[in-house]
Amino acid sequence: DVLSPGALPFYDAAAMFRLAAASRQQWFALRQLKDLSIALKRRSLPPRSAAALARSIAARHGLRTLEADLSFTALGGEGLACLARAVGELAGLLVRLELTFCGCGVTASGMCALAQELGGLRRLSRLKLDLSFNDIGDEGLRGLAQALASAPAELRSLDLALNRCRVGDAGMGWLAQAVAAVVGLTDVQLSLYDNRVGEVGVHELALAVR
């Protein structure tokens, strides 16, 4: 009798086998992902959760496109460092990267950590960063400028939003010079409203885009 108590262990084992097989199929499917979009805006994201998310992203070695919006998640420096390292793990195939970290408590050191990993993405053709409403300052812009100075020849599109980031003339100058040095760019969008940029910074930008 298939419904007898003695038959239950068999059905339990069969069910577990099917679940395990399904899990393996899902695991292999995730390993083959080419495009990944993550939207966690205004969600609670403590350091442990950020680290877990970073590990998951880093394991997707076949990614060609990564979009992540973690705005207003109190990500902080520790969380950003984890995600920056995860981005660095994708250097082999990643061609499009769009990161939105508005109001996440990012400082100059966090920006520099992210910039260091960006410098290793040798196949990138589009880069979009929105780090508005963070205390990045001129030092953070200097780190980003250094990463752009070593941008790959394939980089064609650059979209940077750095609104209310306490950026002054020095930071704008470094950024302008770096953008001017990326010879392959065909599409550039820069947004830096509500900063401390004066005539000197605007002049540097004008020279870069003329």
Worksheet entry | Worked verdict on D69 versus T100 for side-chain hydrogen bond (donor to acceptor under 3.5 Å, both in side chains) | CA-CA 5 Å; D69 185 350; T100 304; 4.6 Å; no
Item to complete: Please test I38 against L53 for side chain to side chain contact (heavy atoms under 4.5 Å, CB included), starting from the C-alpha separation and ending with a verdict.
Response: CA-CA 10 Å; I38 301 168; L53 178 61; 4.0 Å; yes
Discussion item. I'd like to know whether L192 forms a side chain to side chain contact (heavy atoms under 4.5 Å, CB included) with L190, so could you lay out the CA-CA distance, the side-chain angles of the two residues, the decisive distance to 0.1 Å, and finally the verdict.
Written reply: CA-CA 7 Å; L192 290 99; L190 301 177; 4.1 Å; yes
Worksheet item: Step by step, would you call L158 with V179 a side chain to side chain contact (heavy atoms under 4.5 Å, CB included)?
Response: CA-CA 9 Å; L158 178 65; V179 170; 4.0 Å; yes
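When side chains are defined from C-beta on, V202 does not count as touching E199, because their heavy atoms never get closer than 4.5 Å. Using a 4.5 Å heavy-atom threshold, the side chains of L63 and L93 count as separate. Looking only at side-chain heavy atoms (C-beta outward), L160 and L131 stay at 4.5 Å or farther from each other. Inter-residue side-chain proximity for R196 and V167 is flagged as unmet; no heavy-atom pair is nearer than 4.5 Å. Put simply, the side chain of L127 reaches to within 4.5 Å of the side chain of L118, judged on heavy atoms. With contacts defined as side-chain heavy-atom distances shorter than 4.5 Å, the pair T107/N134 does not qualify. Side chains of L75 and V106 form no contact here, defined as non-hydrogen atoms less than 4.5 Å apart. Put simply, the side chain of T73 does not reach to within 4.5 Å of the side chain of R42, judged on heavy atoms.
Ring geometry for Y193 versus F133: interplanar angle over 60°, hence perpendicular rather than tilted (30 to 60°).
Screening residues 91-111 for salt bridge (charged side-chain N to carboxylate O under 4.0 Å, His left out), with sequence neighbours left out, gives E67-R96, R96-E98, E98-R126.
In this structure, L36 CG and R64 CZ are separated by 14.5 Å, a value rounded to the nearest 0.5 Å. How far CG of L99 is from CG of L83: 8.5 Å, rounded to the nearest 0.5 Å. Between the CG atom in L70 and the CZ atom in F101 there is a gap of 5.0 Å [rounded to 0.5 Å]. With values rounded to the nearest 0.5 angstrom, D194 atom CG is found 4.5 Å from R164 atom CZ. Atom CG of L144 sits about 8.0 Å away from atom CD1 of I136, to the nearest 0.5 Å. A distance of 8.0 Å separates CD in E154 from CZ in R123, rounded to the nearest 0.5 Å.
R166 meets the salt bridge (charged side-chain N to carboxylate O under 4.0 Å, His left out) test with D135; sequence neighbours excluded.
Side-chain contact of T65 with D35: a donor-acceptor pair under 3.5 Å is present, judged by distance alone.
Placement of L121 and L185 within a single hydrophobic cluster is found when ILVMFWY residues are connected by side-chain heavy-atom separations under 4.5 Å, directly or transitively. When the side chains of ILVMFWY residues are joined at heavy-atom separations under 4.5 Å, either directly or via intervening members, L148 and V95 end up in two distinct hydrophobic clusters. L205 and V188 fall within the same hydrophobic cluster, where Ile, Leu, Val, Met, Phe, Trp and Tyr residues are linked whenever their side-chain heavy atoms come under 4.5 Å apart, directly or through other members.
Checking side-chain atoms of D159 against main-chain N and O of K128 turns up no donor-acceptor pair under 3.5 Å. Here the side chain of R156 pairs a donor or acceptor atom with the backbone of A153 at under 3.5 angstrom.
Other residues, nucleotides and ligands contribute over 12 non-hydrogen atoms within 6.0 Å of the CZ atom of R122.
The minimum heavy-atom distance linking A149 with A178 is given by the pair N-CB, 4.4 Å. Contact detail for A54 and A86: the closest heavy-atom pair is O-CB, 3.3 Å. Between L162 and S132 the shortest heavy-atom distance is N-OG, 3.9 Å. Summarising the geometry of G143 relative to C112, their closest heavy-atom pair is CA-SG, 4.0 Å, with the distance given to 0.1 Å. In plain terms, the two heavy atoms of A84 and E117 that are nearest each other are O-CG, 3.1 Å. Here the shortest heavy-atom pairing between A108 and G140 reads CB-N, 3.7 Å.
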